[in-house]
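Worksheet: one structure, shown below.
Naming: A, B, ... by sequence-line order, numbering from 1 per chain. The shown structure was predicted, so the numbers you read here are calculated from the model rather than taken from an experiment.
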There are 2 protein chains.
Amino acid sequence: MRQVATLAGVGTKTVSRVINNEPNVAAATAERVWHAVRSLDYHVDLQAGSLRRADGRTRTLGLLVGSVDNPFAGAIHRAVEDTAIKREVAVFASSFDDDPERELRAVNAFLRRRVDGLILTSVKRHPDYDASLRAQGIPVVYVDRRPLDATYDSVTSDNREGARKATEHLIRHGHRRIALLTDRLDIQTAADRQQGFFEALGHAGIATTSTPVITELHDSGAAQHALARLLASDQPPTAVFSSQNLLTVGALHALRDAGAQRSVALVGFDDLPLADLVDPGVTVVAQDPQEIGRVAVTRLFARLEGQDLAPAHIIVPTTLIPRGSGEIPARA
Amino acid sequence: MRQVATLAGVGTKTVSRVINNEPNVAAATAERVWHAVRSLDYHVDLQAGSLRRADGRTRTLGLLVGSVDNPFAGAIHRAVEDTAIKREVAVFASSFDDDPERELRAVNAFLRRRVDGLILTSVKRHPDYDASLRAQGIPVVYVDRRPLDATYDSVTSDNREGARKATEHLIRHGHRRIALLTDRLDIQTAADRQQGFFEALGHAGIATTSTPVITELHDSGAAQHALARLLASDQPPTAVFSSQNLLTVGALHALRDAGAQRSVALVGFDDLPLADLVDPGVTVVAQDPQEIGRVAVTRLFARLEGQDLAPAHIIVPTTLIPRGSGEIPARA
DNA sequence: ATGAAAGCGCTAACAA
DNA sequence: TTGTTAGCGCTTTCAT
């Protein structure tokens, strides 16, 4: 910046003014500065600036998702980025694979880089870093999962309701022996979806004592094996509710391998690319990850812009999309 | 940091030493400092540190991909992140939708944040920001696409070869009227794949005058419409090669809509989730985006660690995965 | 083993 | 409208 100032024959503060579009610079001066900037190929150091800037903003956001590789997370990420870029804010994205230790490390990494705000997915319902975030006064919006602490904003799908819809849909097609494939129950979405599942069974007066529930499923391979075993048992389910996108993929493979894709019904939570092209089409309760991301980042920027909002738990509706697999009737 | 120093009864330099695990600190002193750090919930400011640090490193990387929403990019991103996190390096991820203007803006944003290195996808074969990167001495590895300038590292799939394999596969099943669905030809991957496609036709002695080639296809919707029109024409193709994942999705829809999924063959470039569950299974030339990301980030860190490597163009092989759609024979 | 002073590149506050 | 000085939080250098 000093070089630019020298070349343009002005003080550094004037360069700063020009670069940041501050008022009170003569047009001719500004032109000389821009010329110097271009000819020296100068790029401001935003980090150095934020060190001294009154609001201390780094124009940086932290985004934590299960994995940047998951289509659900990808859609959230894209929505966040699109809004952030308009405000010249850059996004750090991290994956944590539902590992609480990685979660903590990622948030600490964000803090050390002085992000202005955070969009977080958490496994824990009482995150360890909570006190730090509060002390630093960093705005946070949780996505996908909602922490128990209601003083934070959160944006999630209607998990319980969505799972209930899915299960009712299967019940409506005559199923009474419906298997549930799910992840660790300390993960809030898994717990909520399980709750919705059992609610639907309860309302229909279906005894749940012999309902096959398989938990601790983290990936499609595990789901595939679990369902394969279930299908081979003496009391196989007539329908399956898989409560997460990767588990649905595993379930599809297991059904296909067992030749049961046309006899055992399946509804998945969260949509999948190509779900409509599989035969039969995969019936799902679709989430709207793009909308989740959009709402979350909008909320975050509102707070960063100083709006004094009451913490809100925003619920983005899900949609049951019947495509075939969920409409297979129970055998007599 | 001053507060920590005061509380621990030491100078700020000692705090700095402890935090950065520098030698020459008495164990007892270090313990006092760590205690103060914990009780004040102190987090270093990495940005301030990098301002003064001798190597000037920010422990930050910039990653530019078509869209963080695309599974191909997601896999690259994840691989980059996994290596970066081990070195306590954070990753800025941006999407640019093959828009040269967005590409330039994204790179400039990275420069203003003083990233240590870049992993870039580019639409342009001579990127505009090239001179800046060179002047700043920032190491760059290109992924997916290779710039004309051979002084940069790049990691790509064997696009020409992969497309050739795909096309030969179709020819082997008796096809001579094969349609090509592709994107803008100024995109290097599109051009390379088209070249491989025509090479295969040429080797087989197939006249290409009436070969249906549809370019400028950016998304699945466009591909779907284009192929639908082609299938309805008086000279419909007996096979289709779609040269990108989104275009393959569009092609699948068009074939399904026309009821041609069992009569018209299809091979796609780049794998798709669920491709094996569609009926018939989707034959693809699979790329290995995770490996592309892994190789690229490894290369980048090697340079950051000062290794003096000759620029290399690393090619990650593709694999033809026959699943059914590509093995449909040509009708007589 | 420890600390004091200087300075990284920038912006705030104030002076001219 | 413009420039000067100080200082953001840290690491470097050099002294003790």
Does a side-chain N-to-carboxylate-O contact under 4.0 Å join B/Arg102 and B/Asp97? yes
Which nucleotide sits closest to the side chain of A/Ala48: C/dC10, D/dT12, C/dT2? C/dC10
Does C/dT2 have its OP1 or OP2 closer than 4.0 Å to a side-chain nitrogen or oxygen of B/Thr29? yes
For B/Glu305, look at atom CD and say whether over 12 heavy atoms of other residues, nucleotides or ligands are found less than 6.0 Å away. yes
Among C/dA4, D/dC10, D/dT2, which is the nearest nucleotide to the side chain of A/Val25? D/dT2
The residue, B/Gly49 or B/Gly11, whose nearest nucleotide of DNA chain C is more 5′ is B/Gly11
Taken to the nearest whole Å, CZ/A/Arg53 to C1'/D/dA6 is 17 Å
Any donor-acceptor pair under 3.5 Å between the side chain of B/Arg114 and the base of C/dG9? no
Specify the separation, in whole Å, of atom CG of A/Asp45 and atom C1' of D/dC8. 13 Å
Measure the distance from CD1 on A/Ile19 to P on C/dC10 and round it to the nearest whole Å. 7 Å
Let me spell it out: for each of B/Gln47 and B/Glu22, pick the nucleotide of DNA chain D with the closest heavy atom. Which residue's pick is nearer the 5' end? B/Gln47
Give the rounded distance in Å between these two atoms: NZ of B/Lys13 and P of D/dG9. 18 Å
Please state how far atom CZ in A/Arg57 lies from atom C1' in C/dC10, giving the value in whole angstrom units. 18 Å
Whole angstrom is fine here: how far is it from CD in B/Glu31 over to C1' in C/dA1? 17 Å
What I want to check is whether an N or O donor and acceptor connect the side chain of A/Arg52 with the base of D/dG9 at under 3.5 Å. no
Hey, is A/Lys13 close enough to A/Glu22 for a salt bridge, meaning N to O under 4.0 Å? yes
Atom pair distance, as rounded to whole Å: CZ in B/Arg112 and C1' in C/dG9: 16 Å
Should B/Thr14 be listed as having a side-chain N or O under 4.0 Å from OP1 or OP2 of C/dG3? yes
Within less than 4.0 Å of OP1 or OP2 of C/dT11, is there a side-chain N or O belonging to A/Ser16? yes
With nearest nucleotide decided by heavy atoms, which residue, B/Arg17 or B/Leu51, maps closer to the 5′ end of DNA chain C? B/Arg17
When A/Gln47 is tested against each of B/Thr60, B/Thr58, B/Leu51 for side-chain contact (heavy atoms from CB on, under 4.5 Å), which residue passes? B/Thr58
Evaluate the side-chain hydrogen bond (donor to acceptor under 3.5 Å, both in side chains) criterion for residues A/Arg2 and A/Thr12: first the C-alpha distance (whole Å), next the side-chain angles of each, then the deciding distance (0.1 Å), finally the verdict. CA-CA 6 Å; A/Arg2 277 252 294 286; A/Thr12 60; over 6 Å; no
Rounded distance in Å - CE (B/Met1) to P (D/dG7): 18 Å
Using a heavy-atom cut-off of 4.0 Å across all strands, would you classify A/Arg2 as base, sugar-phosphate, or nothing? nothing
Can you tell me if the side-chain N/O atoms of A/Asn24 get under 4.0 Å from OP1 or OP2 in D/dT2? no
